[in-house]
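Each remark here refers to the structure printed beneath this line.
Keep in mind that this is a model prediction, so the values were computed, not measured. When a ligand or atom number is given, it counts from 1 through the structure's own listing order. Both backbone and side-chain heavy atoms feed into the values below; hydrogens, waters and symmetry mates do not.
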Amino acid sequence: MTTQTAKLAEALRARCRDVREAELLRKHVTFRIGGPADILLVPRSIDELRAVAGYLFSERLPFVVLGAGSNALISDAGIRGIVIKIGKGLDRIAYEDETIIAEAGVGLPHLAREAATRGLSGLEFAAGIPASVGGAAVMNAGAHGHAMQEIVRSVRAVMSAGETVFDSPALQYGYRTSILQREPAVVLEVTLRLTAADPASVRRRTDEWLRHRGETQPIGPPSSGCVFRNPVADHAGRLIDLAGAKGLAVGGARVSELHANYILNTGEATAADVVGLMNKVSALVMEKCGKRLEPEIKFLGEFPEQQR
Ligand SMILES: Cc1cc2nc3c(=O)[nH]c(=O)nc-3n(C[C@H](O)[C@H](O)[C@H](O)COP(=O)(O)OP(=O)(O)OC[C@H]3O[C@@H](n4cnc5c(N)ncnc54)[C@H](O)[C@@H]3O)c2cc1C
């Protein structure tokens, strides 16, 4: 720990009670992979999150934001600098008729369940996506032919220019993309607009899609979900299967037999294993199918030994 890091941690403690030094990030991501962050900030309220985000932008200090960590591959060396973890404590939900205002750390499956109970339709697709609402809004998470962009009305975020409310067109949503991936942003809360419906039918659809997911995707072992983006009018999983890469392994990382676009951490996988396996899979798909695969997961930290 350098004196500089210790000093910075002290300055941050004035704004956020939970500041951890040399915190292992594998504890904070679904892949269970990744080294330490120099400083991990765990804000417990919107006010704390606002205060740290404002401070980091005003001091021009670079940082990385983690939501539920379900789409993140953290490097084995970890992240030099500051990481903000958005989860517990940032999980208040306000309901007003068909409008929901959810803080960024709300768990998406929890929100989908609550919406179903209240007879609000639109989040059924999201019940099996282990995201935070903030991360899902940033990623435009989607499944079963639906995506966040259909229900997000606005997003409140701290940007370098200050606190900003983006309405839906301003978010520039596309397949798994939004403007929030293109410039540093800290999402505070997301406003969703759902549709009133019969609670039983919303629950039925939610359960059906969850069952289908359970049958077609490996939801048990640690993973980051689909690692590659689907090419236009095709499925990365289909191409990986066609290229014969199901079951392929590098170290502790293995391509799922159930869904070929999932890489599983079978126990002791490193980030280098995952990147090595992704490179092998991409090369096979290029060789056998002539298609280039692009990563969907976010690489956080430095990956010096491999090309991503
Ligand atoms: C088992 C499993 C199944 C999955 N199924 C699906 C699926 O069906 N569909 C799908 O789209 N995805 C799926 N995913 C991937 C993942 O859940 C989504 O990409 C999700 O949107 C990531 O949300 P998160 O909160 O975990 O974000 P993280 O993984 O923590 O972060 C993802 C990106 O968003 C940024 N970010 C997160 N929170 C904030 C915030 N508050 N402010 C600013 N930036 C932020 C991060 O910096 C990072 O760039 C799955 C993952 C797993 C493990």
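- When R80, R20, Q4 are each tested for a side-chain hydrogen bond (donor to acceptor under 3.5 Å, both in side chains) with D38, only one passes: R80.
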Side-chain donor/acceptor pairs under 3.5 Å, residues 51-62, sequence neighbours excluded:
{"from": "S58", "atom 1": "OG", "to": "G54", "atom 2": "O", "distance (Å)": "3.3"}
{"from": "S58", "atom 1": "OG", "to": "Y55", "atom 2": "O", "distance (Å)": "3.0"}

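- With hydrogens left out, the protein atom closest to atom 33 (C) of ligand 1 is M139 SD, 4.0 Å, a heavy atom.
- Only the side chain of T30 comes within contact range of ligand 1, with a heavy atom under 4.0 Å; no backbone atom does.
- Geometrically, ligand 1 and A143 share no nitrogen or oxygen pair separated by less than 3.5 Å.
- Under the 6.0 Å distance and 45° angle rule, R26 does not count as a cation-pi partner of F31.
- Below 4.0 Å from some heavy atom of R176 lie the following atoms of ligand 1, by number and element: 11 (O).
- At a 3.5 angstrom cut-off on N or O pairs, K298 does not count as close to ligand 1.
- Under a 4.0 Å N-O distance rule, the pair K246/E257 does not qualify as a salt bridge.
- A donor and an acceptor atom, one from each side chain of H28 and E23, are located under 3.5 Å apart.
- The protein heavy-atom contact nearest to atom 26 (O) of ligand 1 is S70 OG, 2.6 Å.
- For atom 43 (C) of ligand 1, the choice among A53, A185, G128, A141 with the nearest heavy atom turns out to be A185.
- Heavy atoms of L180 come nearer than 4.0 angstrom to ligand 1 in no pair at all.
- Ligand 1 places these atoms under 4.0 Å from at least one heavy atom of G67: 25 (O), 28 (P), 30 (O), 37 (C), 38 (N).
- For Y262 against C226, the heavy-atom pair with the smallest separation is CE1-SG, 3.9 Å.
- From the protein, the heavy atom lying nearest to atom 40 (C) of ligand 1 is V65 CG1, 3.6 Å.
- Between S132 and ligand 1, at least one N/O pair is under 3.5 Å apart.
- For the pair V106/L108, no side-chain contact is recorded, criterion being any heavy-atom separation below 4.5 Å from C-beta on.
- Among residues two or more places apart in sequence or in another chain, the side chain to side chain donor-acceptor pair (under 3.5 Å) test is passed with E124 by S121, R205.
- If you number the atoms of ligand 1 from 1 as listed, the ones under 4.0 Å from a heavy atom of L66 come out as 30 (O).
- The shortest contact between atom 53 (C) of ligand 1 and any protein heavy atom is with G225 N, 3.4 Å.
- Side-chain contact, D273 with T270: a donor N or O sits under 3.5 Å from an acceptor N or O.
- Remark: ligand 1 and A131 share no N or O pair separated by less than 3.5 Å (distance only, no angle test).
- Between R204 atom CZ and E208 atom CD the span is 8.0 Å, to the nearest 0.5 Å.
- Among protein heavy atoms, the minimum distance from atom 27 (O) of ligand 1 is reached at G135 CA, 3.8 Å.
- Between W209, Y262, F125, it is Y262 that holds the heavy atom closest to atom 3 (C) of ligand 1.
- Minimum interatomic distance between R229 and A236 (heavy atoms only, all atoms of both residues): O-CB, 3.7 Å.
- Close N/O approach between I86 and ligand 1 is not found [any backbone or side-chain N/O within under 3.5 Å].
- Ligand 1 has no nitrogen or oxygen under 3.5 angstrom from a nitrogen or oxygen of E296.
- Between R213 and ligand 1, at least one N/O pair is under 3.5 Å apart.
- Summary of contacts: the protein heavy atom closest to atom 4 (C) of ligand 1 is P130 CD, 3.8 Å.
- Using the six-membered ring where Trp is involved, H144 and H212 have ring planes that are perpendicular, over 60° apart on the 30 and 60° scheme.
- Considering backbone and side-chain N/O atoms, S224 never comes within less than 3.5 Å of an N/O atom of ligand 1.
- With a 4.0 Å heavy-atom cut-off, ligand 1 is reached by no atom of Y175.
- Residues L90 and P43 share a closest heavy-atom pair of CD1-O, 3.5 Å.
- Counting heavy atoms closer than 4.0 Å to ligand 1, residue Q181 contributes nothing at all.
- Every atom of ligand 1 with a heavy atom of A136 under 4.0 Å away is listed here by number and element: 21 (O), 23 (O).
- Note that the CD1 atom of I79 and the OG atom of S75 stand 6.5 Å from one another [nearest 0.5 Å].
- In this structure, M159 and T164 approach most closely via the heavy-atom pair CG-OG1, 3.5 Å.
- Taking each heavy atom of A260 and V255 in turn, the nearest pair found is O-CG1, 3.3 Å.
- Residue contacts with ligand 1: F31 is excluded, as none of its non-hydrogen atoms falls under 4.0 Å.
- Between L300 and ligand 1, no pair of N/O atoms sits closer than 3.5 Å.
- At a 3.5 angstrom cut-off on N or O pairs, A68 counts as close to ligand 1.
- Residue V138 touches ligand 1 through its side chain alone, judged by heavy-atom distances below 4.0 Å.
- Which of P109, P218, G142 comes nearest to atom 9 (N) of ligand 1 through a heavy atom is settled by distance: it is G142.
- No side-chain N or O of R176 forms a donor-acceptor pair with one of Q181 less than 3.5 Å apart.
- In terms of protein heavy-atom proximity, atom 13 (C) of ligand 1 is closest to I129 CG2, 3.8 Å.
- With hydrogens left out, the protein atom closest to atom 28 (P) of ligand 1 is G69 N, 3.6 Å, a heavy atom.
- Using a 4.0 Å cut-off between a side-chain N of Lys or Arg and a carboxylate O of Asp or Glu, D234 and R238 qualify as a salt bridge.
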